[in-house]
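Model, not experiment: these values are computed from the prediction.
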Amino acid sequence: MATRPGPLTEWPWHRLGNFKYVVMAPVVAHGARRVMRNGWGDLDIAFSLILPSLLLRMIHNQIWISLSRYQTARSKHRIVDRGIEFDQVDRERGWDDQILFNGLVFYAGYLAMPSVRRMPVWRTDGAVVTALVHTGPVEFLYYWFHRALHHHFLYSRYHSHHHASIVTEPITSVIHPFAEHVVYFILFAIPILSTIYLGNVSAMGIVGYIAYIDFMNNMGHCNFELVPEWIFQIFPPLKYLIYTPSFHSLHHTQFRTNYSLFMPFYDYIYNTMDKSSDELYESSLKGTEETPDLVHLTHMTNLQSAYHLRIGIASIASKPYSDSAWYMWTLWPLAWLSMVLAWIYGSSAFVVERIKLNKMKMQTWAIPRYNFQYGLTWEREPINDLIEKAILDADMKGVKVISLGLLNQAKQLNGNGELFRQKYPKLGVRIVDGSGLATAVVLKSIPSDAKKVFLRTGTSKIARAIAIALCDRGVQVIMNEKEVYHMLKSQIPENRASYLKLSSDNVPQLWIVHNIDDNEQKMAPKGTIFIPISQFPLKKLRRDCTYMSTPAMRIPEEMKNIHSCENWLPRRVMSAWHIAGILHALEGWNMHECGDEMMDIEKSWSAAIRHGFLPLTKA
């Protein structure tokens, strides 16, 4: 919202939420009626392009979103080195509103102007007219309208909404109040109406002009410099005809310069060009190499999780992951395609996120594999090769710590990372599996007055550490797995071994679990509290039970560029395994935490609290 929202700020379908696409129902109904009456041949090219062009525009914009987020996470050509937060993602969630609006207006124009129904596919003279009218009247009128929007009256009521985004993303380009978009549409309609009036309009001429507008809008707001210098060296006057991302970025940081739409020559004519435009362009192109202090190595979970990556769909990534959302099922075809492409061509981990905590720089890398692939015997060696390559790449770049997330540290895969430590004993980068902090988070989430717990966790080192710590605390630990019971009992001091009990009777309401199946959940007494020790959440079957979060903590306010959720965790909450790597780097701990090695539990917890990480619950 603008600082003082004026009339016609909200879009007419604002209250429809995700159901706003229903506004296109008249177009669909019109087309269906014509096809049912006269067959597909009754649809002329003008009408046939309305809905497909909207879909193509959305795909075009999404490609720019993913490209921009990928480049700003890994590229040295970043322009504004500041973070994006959740409020910006929420504000820019409605980037497709203007596409729906354009579709409705084009449909209305189709009904109101019968002549357009006979337009040809292409007219070269019409394309020339479109280019000339845009370069002249449209760029001129936009320049002065834009300057007017920066007058305090219009700025506070309308344009401040757009400028709330200092660090821009491609979709920032279309985030304006409804009233502004009405004016923009009128401006961009001038070339199209001119060709209609002159009789040289064409379908591809209109589609091409709109594609040009979308391309230039997205490019100008992508926050990384991609326009090569050689273009301006070959044809110097081009600097007056095409802006660069760094040129427009200055408008968002300085506010009173670089007003032009896509062609900067009016800023040169009226002396409003920022004097640092050329310098910023050159420095952004040159860039500065950056080495992260920490790399967190994750992977995709199920097929649709690719959309939940930060470089995926922004609005989905900004919420805790859930595959139960109805719209996720519509993405299945692309999800399958992305999985196949990742399997065939995914030869190395890729950067998905860049985070800063004060002076510390962090990146998240993703192994291009999914949960089910980690369970395939013949995939274990290739996956370990991918993890090994990521560790060696991080070591070569001078990364201090690499933390293994999700199944990248599975014991049956690589022994909690021990495989790589044994293979490369001289590694400079520290390998961290996060078991110490994960154990601490679980222990701190157990109510302090708890007398009994039921342990159903298998034989992982986190399970062993929890059992030993609870027995040492004087809490009775009840188990029903005979083999696991005897294994744990042999590791607990004799004076505390009596607190470990093998029994299936009188099961308490506090369950510490790893992965339990549906039948085991159904056996739990009413009111049971499930505390998972796994990185993956439990399936919530029981409404009469409480399900705690997987081990995680709230992150400090100083941590910046957090605008996506870590898998199923809430906003600004991070898994204990990820945080453990951060603490390792912050504290300068020199040991590996992998294999059977585990950081001291209290030491890990104290470091987390000292650096501003907070527990999700109070025990």
Side-chain angles (χ1 to χ4, degrees), residues 8 11-12 23-24 26-27 30-31 43-58 60-61 96-149 154 158-159 173-174 176-218 220 241-243 259-263 265-266:
L8 296 178
W11 291 83
V23 301
M24 298 305 298
V27 185
H30 182 162
L43 296 182
D44 52 82
I45 189 170
F47 183 86
S48 300
L49 282 175
I50 293 176
L51 292 178
S53 65
L54 303 188
L55 178 60
L56 288 173
R57 290 185 68 191
M58 291 181 182
H60 180 195
N61 286 355
D96 52 349
D97 283 330
Q98 50 92 27
I99 296 178
L100 294 178
F101 174 63
N102 290 356
L104 287 175
V105 177
F106 281 131
Y107 176 60
Y110 173 84
L111 296 177
M113 293 180 285
S115 61
V116 302
R117 303 174 193 180
R118 300 185 298 274
M119 73 170 70
V121 175
W122 176 252
R123 285 281 299 264
T124 302
D125 54 349
V128 172
V129 169
T130 300
L132 292 174
V133 174
H134 175 88
T135 304
V138 173
E139 287 282 346
F140 177 79
L141 292 172
Y142 177 90
Y143 174 85
W144 286 107
F145 176 61
H146 195 179
R147 289 193 65 170
L149 285 173
L154 291 177
Y158 297 104
H159 203 51
S173 61
V174 294
H176 301 279
F178 175 62
E180 268 192 61
H181 267 293
V182 172
V183 178
Y184 295 145
F185 184 86
I186 293 171
L187 283 175
F188 296 140
I190 294 174
I192 298 172
L193 292 174
S194 298
T195 58
I196 293 174
Y197 177 76
L198 294 173
N200 52 19
V201 65
S202 67
M204 294 311 298
I206 295 175
V207 172
Y209 180 54
I210 295 170
Y212 164 77
I213 292 170
D214 285 344
F215 180 89
M216 295 300 290
N217 260 333
N218 285 320
L241 299 176
I242 178 173
Y243 74 168
Y259 291 101
S260 293
L261 178 56
F262 308 138
M263 301 178 177
F265 57 80
Y266 285 115

Separation between CD1 (I210) and CG (L56), nearest 0.5 Å, reads 11.5 Å
*Should H134 and L261 count as side-chain neighbours, where that means a heavy-atom distance under 4.5 Å?*
yes
Less than 3.5 Å apart, which donor and acceptor atoms pair up between the side chains of residues 199-206 and the rest of the protein, not counting sequence neighbours?
| from | atom 1 | to | atom 2 | distance (Å) |
| --- | --- | --- | --- | --- |
| S202 | OG | R123 | N | 3.4 |
| S202 | OG | G205 | N | 3.1 |

By side chain to side chain donor-acceptor pair (under 3.5 Å), H176 pairs with (sequence neighbours left out) E180
The residue among Y143, Y209, Y212 that forms ring pair (Phe, Tyr, Trp, His ring centres under 6.0 Å) with F262 is Y212
Is there a side-chain contact between N102 and H181 in this structure, where contact means two heavy atoms from C-beta onward sitting under 4.5 Å apart? no
Of all heavy-atom pairs linking G220 and Y243, the shortest is CA-OH, 3.3 Å
Applied to residues 185-201, the salt bridge (Lys or Arg N to Asp or Glu O under 4.0 Å) test, sequence neighbours excluded, yields none
For D96, the side chain to side chain donor-acceptor pair (under 3.5 Å) test, sequence neighbours excluded, returns K20, Y21
Next item on the list: Tell me, yes or no, whether the heavy-atom count around Y197 atom OH, taken from other residues, nucleotides or ligands under 6.0 Å, exceeds 12.
Entry: no
Contacts of W144 meeting side chain to side chain donor-acceptor pair (under 3.5 Å) (sequence neighbours excluded), chain-then-number -> none
Residue set satisfying side-chain contact (heavy atoms from CB on, under 4.5 Å) with F215, at least two apart, ordered chain then number -> H60, W64, M219
Tightest non-hydrogen contact, residues L187 and V138, listed as O-CG2, 3.5 Å
For F178, the ring pair (Phe, Tyr, Trp, His ring centres under 6.0 Å) test, sequence neighbours excluded, returns W11, F101
Those residues at least two apart in sequence (or on a different chain) that pass ring pair (Phe, Tyr, Trp, His ring centres under 6.0 Å) with F47 are H30, Y110
For S194 and V129, the nearest pair of non-hydrogen atoms, with its separation, is CB-CG1, 4.4 Å
F188 meets the ring pair (Phe, Tyr, Trp, His ring centres under 6.0 Å) criterion, sequence neighbours left out, with none
Side-chain contact test, heavy atoms from C-beta onward, threshold under 4.5 Å: evaluate it for T135 versus F265 and give yes or no.
-> yes
In short, A46 meets V116 closest at the heavy-atom pair CB-O, 3.6 Å
task = Could you check if a side-chain atom of L100 sits within less than 4.5 angstrom of a side-chain atom of M24, using non-hydrogen atoms only?
result = yes
Contacts of T195 meeting side chain to side chain donor-acceptor pair (under 3.5 Å) (sequence neighbours excluded), chain-then-number -> none
Between S173 and N218, the two heavy atoms sitting closest are OG-OD1, 4.1 Å
Separation between CZ (F145) and CD1 (I186), nearest 0.5 Å, reads 9.0 Å
Residues pairing under salt bridge (Lys or Arg N to Asp or Glu O under 4.0 Å) where one sits in residues 198-215, two or more places apart or in two chains, turn out to be R57-D214
Exercise for the section: Evaluate ring-ring contact (aromatic ring centres under 6.0 Å, His included) for Y142 paired with Y266, printing each intermediate quantity in order. Expected result: CA-CA 10 Å; Y142 177 90; Y266 285 115; over 10 Å; no
Residues pairing under salt bridge (Lys or Arg N to Asp or Glu O under 4.0 Å) where one sits in residues 187-198, two or more places apart or in two chains, turn out to be none
dist S260:OG -> L241:CG (nearest 0.5 Å) comes out at 11.0 Å
> How about L8 and V182: do any of their side-chain heavy atoms sit closer than 4.5 Å?
Replying inline: no
Shortest non-hydrogen pair, D44 vs S48, comes out as O-OG, 2.8 Å
